[in-house]
Amino acid sequence: MNPPRHFLTIGDLTEQHLRALLRTAATCKRDRRYGQQALAGRTVALVFQKPSMRTRVAFEVAVLQLGGSVVYLGQDDIQLGQREPVKDVARVLSRYVDAIVVRTFAHSTAEEFAQYAQVPVINGLSDLVHPCQALADMLTLQEQFGRLKGLTLGYVGDGNNVLHSLIQACAVLGIHVAVATPTGHRPDGVIWPAAMRQAKQHGAWLRWVADPAQAVRGADAIYTDVWVSMGQERERQARLKRFQGYQVGAELLRDAKRGCRVLHCLPAHRGEEITDEVLEGPGSVVFDQAENRLHVQKALLLFLLGRTTKRIP
Ligand code: CP
Ligand code: NVA
């Protein structure tokens, strides 16, 4: 099973890849020392245009636990696209390091990195997708339910990057998903129909509904994310108005299955997309999700870098 060269979206992985990654992640979680010298002598660069806690720390700790070293480059350090073009940064960094994790605004920036880099590029979030998060989400569901195929997930909120990767992963793994968003915030017009087709091929359904109560009814797990993503701060007031009625709170959970789990990629805005009561409630698995970022990032690095040697053209 050859790994893809880069990991920019969940679409870069086959079902076989995804299942293997989740198995390795579970092994990493059970045994912290698993793969401890796998990245000895290797360096991973993190090039982030946006702030981060989980993604940055999970990758930094993952690389260190695998015996490698990390260079973090924030927006002020290299001023990506301003001080020099993305294609130059990608080629220069490829001469120094063995993999590059990028967090970008435009998804095309991550794609340009991958086009010019001579080492694997991992997408640590773009405006379009957040594939590393979806890996942790799948590991969390697998732990909670002991299976993935046939589960039902209800997503309530913004049709954003986190949702896009979530529906792509669920489609490949046979998880049914009902999505409730305001009409103007439906998921991407290319990702959605492709995920619907994939879901169908894997025996699952993917539906959009306007009513949040309909999305959570019968769901094994409920997922939400912020209404204002990084880069959308100027739309904040308008968004807060448009998302009224889409909060995951005690009232909405009355329509859900007893014992359903609640997921959120974090950071959460308590009192907006989710209440404090639900986030801190018995069904919440958000801190397992956050922890699982570390284990899936280790599995991903082992998968992409484990057996490769540096390729310089
Ligand atoms: N969930 C997530 O990606 O968190 P950070 O933005 O803190 O990395
Ligand atoms: N949708 C959020 C996710 C943060 C992890 C954002 O892009 O800001």
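Along the sequence shown, residues carry numbers from 1. None of the values given here were measured: they were computed from a predicted structure. As the structure lists them, so they are numbered: ligands from 1, and atoms in each ligand from 1.
Distance from atom 7 (O) of ligand 1 to its nearest protein heavy atom, with residue and atom name: M53 N, 2.6 Å. The protein heavy-atom contact nearest to atom 3 (O) of ligand 1 is H130 NE2, 2.8 Å. The closest protein non-hydrogen atom to atom 4 (O) of ligand 1 is R54 NE, 2.8 Å. Distance from atom 6 (O) of ligand 1 to its nearest protein heavy atom, with residue and atom name: R103 NH1, 2.8 Å.
Residue R293 has at least one heavy-atom neighbour below 4.0 Å for each of these atoms of ligand 1: 1 (N), 2 (C), 3 (O).
Using modelled atom types, no side-chain atom of D255 and backbone atom of A213 make a donor-acceptor pair closer than 3.5 Å. Panel note: side chain H164, backbone L128; a donor-acceptor pair is recorded below 3.5 Å. Listed for the D12 side chain is a donor-acceptor partner under 3.5 Å among the backbone atoms of L8. At least one donor-acceptor pair under 3.5 Å links the side chain of E233 to the backbone N or O of G231. Within the 3.5 Å criterion, the main-chain N or O of A219 finds no donor-acceptor partner in the side chain of T152. Judged by distance alone, the side chain of K200 and the main-chain N or O of A171 form no donor-acceptor pair under 3.5 Å.
At a 3.5 angstrom cut-off on N or O pairs, C265 counts as close to ligand 1. Remark: ligand 1 and R56 share no N or O pair separated by less than 3.5 Å (distance only, no angle test). Of the N or O atoms in M230, none lie within a sub-3.5 Å distance of an N or O in ligand 1.
Linking ILVMFWY side-chain heavy atoms closer than 4.5 Å, directly or via other members, places Y223 and L141 in a single hydrophobic cluster.
Y72 carries R56 over the face of its six-membered ring, with the cationic atom under 6.0 Å from the centre and within 45° of the normal. K50 forms a cation-pi arrangement with F105, by the criterion of a distance under 6.0 Å to the ring centre and an angle within 45° of the ring axis. Cation-pi geometry between R261 and F145 is satisfied (NZ or CZ under 6.0 Å from the ring centre, within 45° of the ring normal).
Under a 4.0 Å heavy-atom criterion, L266 is in contact with ligand 1. Contact annotation: K50 has no heavy atom less than 4.0 Å from any atom of ligand 1.
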Just list the side-chain donor-acceptor pairs under 3.5 Å for residues 272-279, sequence neighbours left out, or say none.
residue, atom, partner, partner atom, Å
E272, OE1, H269, ND1, 3.4
E272, OE2, R236, NH2, 2.5
E273, OE2, H264, NE2, 2.7
E273, OE2, H269, N, 2.8
T275, OG1, V278, N, 3.2
D276, OD1, R270, NE, 2.7

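The proximity of Q289 to ligand 1, defined as any non-hydrogen pair under 4.0 Å, does not occur for either the backbone or the side chain.
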Exercise answer, ligand 2 polar atom pairs (N/O) under 3.5 angstrom:
residue, atom, partner, partner atom, Å
ligand 2, 1 (N), N160, ND2, 3.4
ligand 2, 1 (N), N161, OD1, 2.9
ligand 2, 1 (N), D225, OD2, 2.7
ligand 2, 1 (N), S229, OG, 2.7
ligand 2, 7 (O), N161, ND2, 2.8
ligand 2, 7 (O), S229, OG, 3.4
ligand 2, 8 (O), M230, N, 2.8

